Amino acid sequence: MTTSIDQAWNLAKARYAEFNVDVESALKLLDTLPVSMHCWQGDDVAGFENTGGALTGGIQATGNYPGKARNAAELRSDLEQALALIPGPKRLNLHAIYLESDTAVERNEIEPKHFANWVEWARQKGMGLDFNPSCFSHPLSADGFTLSHANPEIRKFWIEHCQASRRISAYFGRELGTASVMNIWVPDGMKDLTVDRFAFRERLMTALDEVISEKIDEKYHLDAVESKLFGIGAESFTVGSNEFYLGYATTRKTALCLDAGHFHPTEVISDKISTAMLYVQHLLLHVSRPVRWDSDHVVLLDDETQAIAHEIIRNRLFDRVHIGLDFFDASINRIAAWVIGTRNMKKALLRALLEPTDMLRKLETDGDYTARLAMLEEQKSLPWQAVWETYCQRHNVPAGSEWLQTVRQYEQSVLSKR
Ligand SMILES: C[C@H](O)[C@H](O)[C@@H](O)C(=O)CO
Ligand SMILES: [Mn+2]
């Protein structure tokens, strides 16, 4: 029986063919582009160290929607709900504070065994894992500094934490057969005027050099470094600024992480991709949505998400750009937040894959900027949604907003009882 989705698909296929766009090839490519979902949306970046400490480091999850995951088993169960509602390949991005252990483990003593359950779970799901040292929400980061701390003992603690994290990341890569991207973000910064900025940056550079001194095969592990403009309580000075890390990633040949919320309000990371790719081999994206500040709102299918996707697809950066998400909204159902944000990222990638880029590029080369603008706008209303629905159907996930029913049922039967 031909369904309305099939009918729409056939019409869409023909419509896109008029622009020389092959929808089957687009879907095939989409199936090679994983989006790394961040575990920390599931519990407001609390983690499972059970110290009862607050979230620090200048980041904040606002809201108190009921039902957040309280342990790894609950988080995995919630993730399974979300994963089942998102089509195509996914990865999971873990922070070090999501370890599992019966006894307290200091951050500089974390080991692969503390993440063995995550690895087994990911293996069953056929997913890769990514990783992050957690340099926040800890007594030794309470004064706002970690790898750039003036106290050598505290600096050493965080260096050891990052070194231990790299070994865990490499373990993920070896066990799961796909390199884990390990992102280093430190909150280090000052609330007010800072006199000796050079000293902090020099210490951060030297500490990072120590962190990455052990050679690890890129088959298993990639280092990434993430810059930031400011955080709460670190408004005036951030040690790891954009320039700091662009220089670091370029000279040390690490990946560079660009977070959509880490720049001035009118600055966009989509425009930074083509620059960064000239100087670094790998880029990690933290796709996010800043509302007035680095607020980490759920990703929308908005102009910037679309522009990010266009940059990846137009420039064929498939193996060099690693797409991660970074938002944490505690004011709505957390599983729905994952589903909305991740589906939007994938919709943006699909729309970019359906773009008649060759034709647009030719118009630009010919200097016909009128036609370029006209076509860019017209193609926005081509029937991409019909292609998306078929993609969802092929992956056995809900094509449209029906997914919300599944989330609601789970909320009623599981989340509301927590
Ligand atoms: C929890 C994340 O690692 C964190 O959000 C970091 O990536 C960041 O963006 C800090 O603002
Ligand atoms: Mn980030």
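Note that this is a predicted model, so its numbers are computed, not measured. Just follow the structure's listing: the first ligand is 1, and inside any ligand the first atom is 1.
Contact annotation: for Asp296 versus ligand 1, there are no heavy atoms closer than 4.0 Å.
Not one N or O of Asn132 is nearer than 3.5 Å to an N or O of ligand 1, by distance alone. For ligand 1, one of its N or O atoms has an N or O atom of Asp326 under 3.5 Å away. Residue Glu226 places at least one N or O, backbone or side chain, under 3.5 Å from an N or O of ligand 1. Backbone and side-chain nitrogen or oxygen atoms of His95 are examined, and one is located within less than 3.5 angstrom of a nitrogen or oxygen of ligand 1.
Salt bridge status for Arg289 with Asp302: absent, with no side-chain N to carboxylate O gap under 4.0 Å. Using a 4.0 Å cut-off between charged side-chain N and carboxylate O, Arg334 and Asp43 make no salt bridge. The pair Asp259-Lys228 does not count as a salt bridge, with every side-chain nitrogen at least 4.0 angstrom from each carboxylate oxygen.
Listed by chain and residue number, Arg394 satisfy the salt bridge (charged side-chain N to carboxylate O under 4.0 Å, His left out) test with Glu24 (two or more places apart in sequence, or in another chain). Every residue two or more places apart in sequence or in another chain was checked for a salt bridge (charged side-chain N to carboxylate O under 4.0 Å, His left out) with Glu218, and none qualifies. Applying the side chain to side chain donor-acceptor pair (under 3.5 Å) test to Arg155 and every residue at least two apart in sequence or in another chain returns nothing.
Shown in contact with His286 at under 4.0 Å from a heavy atom are these atoms of ligand 1, numbered in order with element: 7 (O). Within ligand 1, counting atoms from 1 as listed, the ones closer than 4.0 Å to a heavy atom of Asp259 are 9 (O).
Below 30°, between 30° and 60°, or above 60°: for Tyr98 and Phe48 the angle between ring planes is above 60°, a perpendicular geometry. By the 30° and 60° cut-offs, the orientation of the rings of Phe200 relative to Phe145 is parallel.
The shell of residues lying under 4.0 angstrom from ligand 1, judged by heavy atoms, excludes His38.
Excluding waters, the count of protein N/O/S atoms less than 2.8 Å from the Mn ion (ligand 2) comes to 4.
Atom 11 (O) of ligand 1 has Lys228 NZ, 2.6 Å as its closest protein atom, hydrogens excluded (heavy atom only).
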- Checking side-chain hydrogen bond (donor to acceptor under 3.5 Å, both in side chains) for the pair Asp130/Asn183: CA distance, chi angles, key distance, verdict? CA-CA 8 Å; Asp130 298 309; Asn183 180 51; over 6 Å; no
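The cationic group of Lys272 lies under 6.0 Å from the six-membered ring centre of Phe263 and within 45° of the ring axis, placing it in a cation-pi geometry.
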